[in-house]
Protein chains: 2
Amino acid sequence: MLEAKLQEAGLLKKLLDAIKELVTDANFDCNEEGINLQAMDNSHVALVVVKMESTGFKKYRCDRPMPLGVNLASLTKVLKCAKDDDTCTLKAGDGLDSLNLVYEAKNSDRIAEYDMKLMDIDAEQLGIPDTDYDARITLPAAEFTRIVKDLSLLGESVRIEVNKEGIRFVSDGEAANGSVLLKPTDGKVKIGDDDEEEEEEKEDEEDEDEDSAKAKKKAKKQKKVKKESNDDVEMNGDEENGNEEFTAKSDDEGEDEKEDDEEESEGSSKKRKKASSSKSKKPAKKAKTKKDDDEYSGGVDIAMNQHVTLTFSLKYLVNFSKSSSLSDSVQLMMSNDVPLLVSYSFESGYIRYYLAPKIGDD
Amino acid sequence: MLEAKLQEAGLLKKLLDAIKELVTDANFDCNEEGINLQAMDNSHVALVVVKMESTGFKKYRCDRPMPLGVNLASLTKVLKCAKDDDTCTLKAGDGLDSLNLVYEAKNSDRIAEYDMKLMDIDAEQLGIPDTDYDARITLPAAEFTRIVKDLSLLGESVRIEVNKEGIRFVSDGEAANGSVLLKPTDGKVKIGDDDEEEEEEKEDEEDEDEDSAKAKKKAKKQKKVKKESNDDVEMNGDEENGNEEFTAKSDDEGEDEKEDDEEESEGSSKKRKKASSSKSKKPAKKAKTKKDDDEYSGGVDIAMNQHVTLTFSLKYLVNFSKSSSLSDSVQLMMSNDVPLLVSYSFESGYIRYYLAPKIGDD
DNA sequence: TCCGTAGACG
DNA sequence: CGTCTACGGA
């Protein structure tokens, strides 16, 4: 039995607008902590993760975990029937195959109720390791949107380079080449939270600096429960080198939590600046980036351990940038040869996208 | 080597918006005086002329004349990547086949750089004689846009009549006929700067009043260097009657200058009002119409030597009127049986269109 | 910001 | 083949 009352239906509408083009069906995994959604995009190239914490709801109750298989087009239609500032109550019974949505106008003089058919979706939950990324950038969401849209006019893909100068987006096209450089607002790129600061980075697995070594340890730890799933094949160019980003995870959720705590104490002993660390240090940890918007200044913040250069499909990035309506800022997390993480945080939740880099010159 | 820094990329964007539908490829002819563009529209019916004087740039340097062959669709794309208030620096090396554009945001924390491929365009520069038009009208650009758009809903072409009453736009269509009359704001049409003021005008070449005779003299003078170009054939219905409007010109620019001086002294002895003459007397002379906007009052000003009635394709006029974003006012210059000149002036430059009148009842 | 056109999906 | 959605232009 789920009953979750959202103060503003608009949030859900925005979330659906953000992902409906990428994903057609997905499970809304509800448990006592909130609602999570995880889905590969239709072409299995990108991974979308949405988290809505129970604390973000006006009322929230979920007796036992239940996955609600939703056709996103249907849900979008149903949500179109809500005004942005209506409250929205989601209800699902344990044995039932439908989701009940009730919209109440602010002044309560209007109550609309919808029942949407649910479906069975056998999508396994992937385990997403809490990677420490080598480059962590916070920038205005509108700026990111602008850049990827601009560059998508010129070419198919963008090379993103993070170095001491800042972050640079480069696209080569038929008619023209483009390059956009963003410098950090305060003028300096925060460099390194480890002892290493090499000029040119690994192209492979030789990097054994502290953070990435730890990340791999984690990945390996999770690998022990990894299943032969097809869902994450595209995300992992090198399936067998211990660098898997996504692995089907066990039901034990405690593991991630423990890892986080461990990292936190470590992180605080490093030379990261407080301002930047609170914003971008722990991207994969819930409640860390919460309320970013409230404190977001509108600037560009860049922290990096080493230079990172990765190439991505602009089509996807443009798609991701639709989430701008959910947050003023966006975080980009990158390490070489690892999927990019694009994260938009909102009050008590986030929406994240993972996109594998293009390999070679395609 | 060209290096030209524009304070506002918006100017270039507006220029391209104005012409990109008319012309696909064009040379940006750069020399020490500035940048000029001249191109026939795709169907070789209209001529577009753009001038950006070097003084309009924040920085300008062009060592030697260089024609930059540009695909306007490509340039439009690249310019879409600039915000209107970004500065825009154009650079082109002498031997290189690409144009470099750098956009800097106001606060300079964002630098975007684009390289656009150039192409070879063998378009000859046409010589455009400095005609003295029989009717010179200044009106609000928005008014002109409105009129041609309105009338284009009714018919294909518009008959423009200038007489003592004012300027009248008439269109006959299947469903309805339309007629819009604009009277001069100050109530009077400035009439004639010669001794003649006949009621009904020439349909041919019998008019030998002072100004038009001189204009023809000029046309003939330039004809001596006219080449057998195809570019201007469509502009000249009557190639052999000494009334050619556009001729491939020699490299000698001095000729035009001398003519202008000559006219000026003459004009000052005529009964033209100072205000109107400074605005519309010398449309084809650079720096004469500069800063029109600064002094433009928003009214309609009409000066004429004789009645003029000409018919034009509305499709083109509607297209021309896209330049409204560049200026509050537009000048229409007309003489019978001669192409209409539509001119929008902006700070240190202008964009002009020439359109041959329709002959007969087509 | 709205409308029209083009592309994708059912 | 028709409908719906998304993107581009006015």
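Below, read A as the first sequence line, B as the second, and so on, with proteins coming before strands; counting in each chain starts at 1. Only heavy atoms go into these numbers, but all of them, side chains included; no hydrogens, no water, no symmetry mates. Note that the structure is predicted; figures quoted are calculated from it, not measured.
Atom CG of A:Leu72 and atom P of D:dC4 are 19 Å apart (whole Å). In this structure, A:Asn319 atom CG and D:dC7 atom C1' are separated by 13 Å, rounded to whole Å. Atom C1' of nucleotide D:dA6 and atom CD1 of A:Ile19 are separated by 17 Å, given to the nearest angstrom. Between the P atom of C:dG10 and the NZ atom of A:Lys77 lies a distance of 11 Å, rounded to the nearest Å. Remark: P of D:dT5 and CG of A:Leu75 are 14 Å apart, rounded to the nearest angstrom. Rounded to an integer number of Å, the gap from NZ of A:Lys20 to P of C:dA8 is 17 Å. Between the NZ atom of B:Lys13 and the P atom of D:dA10 there is a distance of 15 Å, given to the nearest Å. Spacing between atom NZ of B:Lys14 and atom P of D:dG9 amounts to 19 Å, rounded to whole angstrom units.
Salt bridge present: A:Glu143 and B:Arg110 bring a charged side-chain N and a carboxylate O closer than 4.0 Å.
For the residue pair B:Arg159 / B:Thr311, no side-chain donor-acceptor distance below 3.5 Å is found, with atom types taken as modelled.
For the side-chain hydrogen bond (donor to acceptor under 3.5 Å, both in side chains) condition, the pairs that include at least one residue of residues 78-91 of chain A, sequence neighbours left out, are A:Lys13-A:Asp84.
A:Asp97 meets the salt bridge (Lys or Arg N to Asp or Glu O under 4.0 Å) test with A:Lys117; sequence neighbours excluded.
Nucleic acid contact for A:Lys149: none, since no nucleic acid atom lies under 4.0 Å from a heavy atom of the residue.
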